[in-house]
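Letters A, B, ... mirror the listed sequences (proteins, then strands); counts begin at 1.
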Amino acid sequence: MSDPIVTRFAPSPTGFLHIGGGRTALFNWLLARRHGGKMLLRIEDTDRVRSTPEAIDAIIDGLKWLGLSWDGEVIYQFARAPRHKEVAEAMLANGRAYKCYATSEELEAMREAAKAAGKPMRYDGRWREKGPEDHAKAEAEGRKYVIRLKAPLDGQTTVQDLVQGTVTWDNENLDDLVLLRSDGTPTYMLAVVVDDHDMGVTHIIRGDDHLTNAARQSQIYEANGWKVPFMAHIPLIHGPDGAKLSKRHGALGVDAYRALGYLPEALRNYLVRLGWAHGDQEIFSTDEMTAVFDLKNVGRSPARFDFAKLESINGHYMRKTDDAALLEALRPVLAHVEGGAEIANALTPEKEAQWIAAMPGLKERAKTLVELIDGSRFLFATRPLAMDEKAREILAKDGKAILARLLSRLEALPVWEAAALEEAVRAEAESSGLKLGALAQPLRAALTGRATSPGIFEVLVVLGREECLGRLRDQAA
RNA sequence: GCUCCCAUCGUCUAGAGGCCUAGGACACCCGCCUCUCACGUGGGUAACAGGGGUUCGAAUCCCCUUGGGAGCGCCA
């Protein structure tokens with residue numbers, strides 16, 4: 001185990017990179033980085049019907065956004081089909097595999113029989129001991145063969161799993177799986193084993209839906225006399241209701257989280273704590289998590305996806321993010337929110353500077369970038385401002401009269417700075433015998449069109465003298 | 001159905017026989033701070049699935065039950 005660690009992330013490109021895949025990739029990436037090893041990326045595109053180039057792009061794009069980098073070139077499994085075939089034929093030659101001419105009708109009959117008997121489908125090994133004469137006869141009938149593994153009939157197969165512990169199967173429950181299809185293409189089982197072996201993968205981290213496969217794959221390793229890599233089968237992520245994660249809950253593509261306004265570092269932090277813990281620590285910088293990540297601490301029970309916690313962590317990271325950097329993170333999200341295009345168009349250098357100036361007050365009031373954009377709308381609104389219902393109520397009372405008095409005080413101000421503005425507003429409060437809040441709310445309504453916003457003196461300063469006085473006059477009338 | 005895996009607050013989890021009258025975080029409730037909303041901060045509600053063992057002692061070990069999950073293809 002002192003050899004350099006090599007992990008791999010091996011998605012099949014039949015859809016986007018979903019959140020569970022993202023976590024699997026993260027764990028592989030963390031383990032490799034923790035030990036100064038490598039994480040390889042292999043696209044399992046042997047299913048020619050379901051694999052699409054769009055999905056490949058989506059996966060690669062998703063990994064990049066999440067900040068998970070891989071080493072070396074992307075490996076495409078389909079391109080290695082000749083090598084897979086070569087291994088299958090070598091296994092045939094040394095008697096670890098055999099030709100099976102069973103037809104799909106025969107297989108279907110076996111399936112039916114198994115179902116009727118209440119047992120899982122198990123190929124019965126009818127071609128296991130057949131000789132050349134039988135093969136020739138089948139060939140003469142025009143039948144095609146697949147190559148099956150000659151799996152052990154009795155005894156047990158044990159997987160030493162770094163997360164699941166020692167898991168054992170009786171070999172009688174494992175049948176002779178197909179290695180090479182009748183069209184000469186490899187099955188997933190064969191391809192995975194050959195690729196992981198050839199790529200020098202030392203640690204396989206994947207979802208525990210592959211646990212049963214692990215047993216069958218280790219038989220393939222053994223049939224070839226290859227060392228079985230360390231394996232770690234991590235529990236799947238479930239939806240809030242405990243059922244399998246569906247699109248309805250969180251099985252969104254990683255890119256959807258970007259559109260929803262989450263920061264990649266927040267998603268990483270959330271994901272790493274799903275099924276893994278390091279004492280009571282909740283917040284992990286990337287360096288911190290790579291320094292302490294250990295498969296030993298990965299739990300064995302499935303975790304539910306919880307948006308509330310993700311939002312909380314995201315809020316934390318937004319507040320920690322530098323204002324200018326936050327603006328950059330905001331930009332790509334604009335395309336995904338209503339009115340975002342208008343904001344994007346209005347982003348002159350001056351507006352950007354204004355937005356950055358407003359950021360401190362904005363970012364502590366939002367849990368996602370989408371919320372932050374929503375809270376920023378008053379910066380981009382044009383006069384006369386549209387008032388929302390609560391703002392209207394505030395102004396409907398004696399708000400307008402208060403604004404008029406405030407207006408004259410503010411107009412008289414020689415400088416437009418927070419301290420001076422606050423002093424003026426407080427002076428008005430004092431002379432009219434009102435609490436500060438009684439003045440701040442009408443001000444807020446007139447300035448932002450809403451009942452909530454960043455601190456009112458912040459808003460005053462960020463908006464600037466002319467714009468503020470204009471908005472106040474609009475409403476004071 | 002068969003095989004395998006799992007089981008601590010609503011959720012994510014700490015806990016590797018005595019440190020546990022079970023800790024942290026999110027969510028929720030009540031305060032404080034306060035120009036609103038937040039942030040921050042103080043406090044609170046809330047869990048060892050059930051039953052048997054083993055042991056001086058069990059959330060921690062074993063068994064059973066119950067409840068979840070995954071897999072059972074010439075898909076990956």
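Candidate nucleotides B/C37, B/U13, B/C5 were compared by shortest atom distance to the side chain of A/T452, and B/C37 ranks first. For A/N213, counting side-chain heavy atoms from C-beta on, the closest listed nucleotide (B/C35, B/A76, B/C5) is B/A76. Distances from the side chain of A/M121 to the nucleotides B/A27, B/C74, B/G73 place B/G73 closest. Distances from the side chain of A/L236 to the nucleotides B/U36, B/G24, B/A70 place B/A70 closest. Closest to the A/P302 side chain, of the nucleotides B/C6, B/C26, B/C35, is B/C6. Each of B/G71, B/C26, B/C12 was ranked by its minimum atom distance to the side chain of A/A303; first place goes to B/C12. Side chain of A/H238, nearest nucleotide from B/U36, B/G24, B/G69: B/G69. Checking B/C39, B/U36, B/G23 against every side-chain atom of A/K367, the shortest atom distance belongs to B/C39. For A/A277, taking side-chain heavy atoms from C-beta onward, the closest of the listed nucleotides B/C74, B/U13, B/C35 is B/U13. Here the nucleotide nearest the side chain of A/L211, chosen from B/C6, B/C4, B/A76, is B/C4.
At the heavy-atom level, A/S182 lies under 4.0 Å from base atoms of the strands shown. Residue contacts for A/V146: at a heavy-atom cut-off of 4.0 Å it reaches a base atom on one of the strands shown. At a threshold of 4.0 angstrom between heavy atoms, the contacts of A/L310 with the nucleic acid are absent. Nucleic acid contact for A/S104: none, since no nucleic acid atom lies under 4.0 Å from a heavy atom of the residue. When heavy atoms are screened at a 4.0 angstrom cut-off, A/P235 is found touching no nucleic acid atom at all. Looking at heavy-atom distances under 4.0 Å, A/I456 makes contact with a base. Looking at heavy-atom distances under 4.0 Å, A/R426 makes contact with sugar-phosphate atoms alone, never a base. Base engagement by A/R273 is indicated by at least one non-hydrogen atom pair under 4.0 Å involving a base atom. Across all strands, A/G437 comes closer than 4.0 Å only to sugar-phosphate atoms, never to a base (heavy-atom distances). Among the heavy atoms of the strands, none lies under 4.0 Å from A/A214. Within 4.0 Å of A/G275, counting heavy atoms only, lie sugar-phosphate atoms of the nucleic acid but no base atom. Across all strands, A/R148 comes closer than 4.0 Å only to sugar-phosphate atoms, never to a base (heavy-atom distances). At a threshold of 4.0 angstrom between heavy atoms, the contacts of A/T46 are confined to the sugar-phosphate backbone, with no base atom among them.
Using N1 to N3 plus N6-O4 or O6-N4 for Watson-Crick, or N1-O2 and O6-N3 for G-U wobble, each under 3.5 Å, B/C4 pairs with B/G69. Under the Watson-Crick or G-U wobble criterion, with both distances below 3.5 Å, B/C32 is paired with B/G40. Base pairing of B/C26 is made with B/G10, judged by Watson-Crick or G-U wobble geometry with both donor-acceptor distances under 3.5 Å. When Watson-Crick and G-U wobble pairs are counted only if both distances are under 3.5 Å, B/G18 pairs with B/C56.
Both A/A308 and A/P186 lie close to RNA chain B; mapped to their nearest nucleotides by heavy-atom distance, the more 5′-ward contact belongs to A/A308. Of the two residues near RNA chain B, A/N173 and A/E282, the one whose nearest nucleotide lies more 5' is A/N173.
Regarding contacts with the backbone of B/G40, a side-chain N or O of A/R319 is found under 4.0 angstrom from either OP1 or OP2.
Here the side chain of A/T187 pairs a donor or acceptor atom with the backbone of A/L179 at under 3.5 angstrom.
Under 3.5 Å, the side chain of A/K309 and the base of B/A25 form at least one donor-acceptor pair of N or O atoms. With hydrogens and angles left out, the side chain of A/D209 and the base of B/G71 share no donor-acceptor pair within 3.5 Å. With hydrogens and angles left out, the side chain of A/R444 and the base of B/C35 share a donor-acceptor pair within 3.5 Å. For A/R365 against B/U36, a side-chain N or O and a base N or O form a donor-acceptor pair under 3.5 Å.
Contact check on A/D175 versus A/R216 returns a salt bridge, with a Lys/Arg side-chain nitrogen under 4.0 Å from an Asp/Glu carboxylate oxygen. Ion pair A/R426/A/E423 not flagged as a salt bridge, since none of the NZ, NE, NH1 or NH2 atoms sits closer than 4.0 Å to an Asp/Glu carboxylate oxygen. Salt bridge A/E139/A/R143: absent, no basic N to carboxylate O contact under 4.0 Å.
No side-chain donor-acceptor contact under 3.5 Å links A/Q156 and A/N171. Checked by atom type, the side-chain pair A/H278/A/D294 shows no donor-acceptor distance below 3.5 Å. A donor-acceptor pair shorter than 3.5 Å can be found between the side chains of A/Y98 and A/D176.
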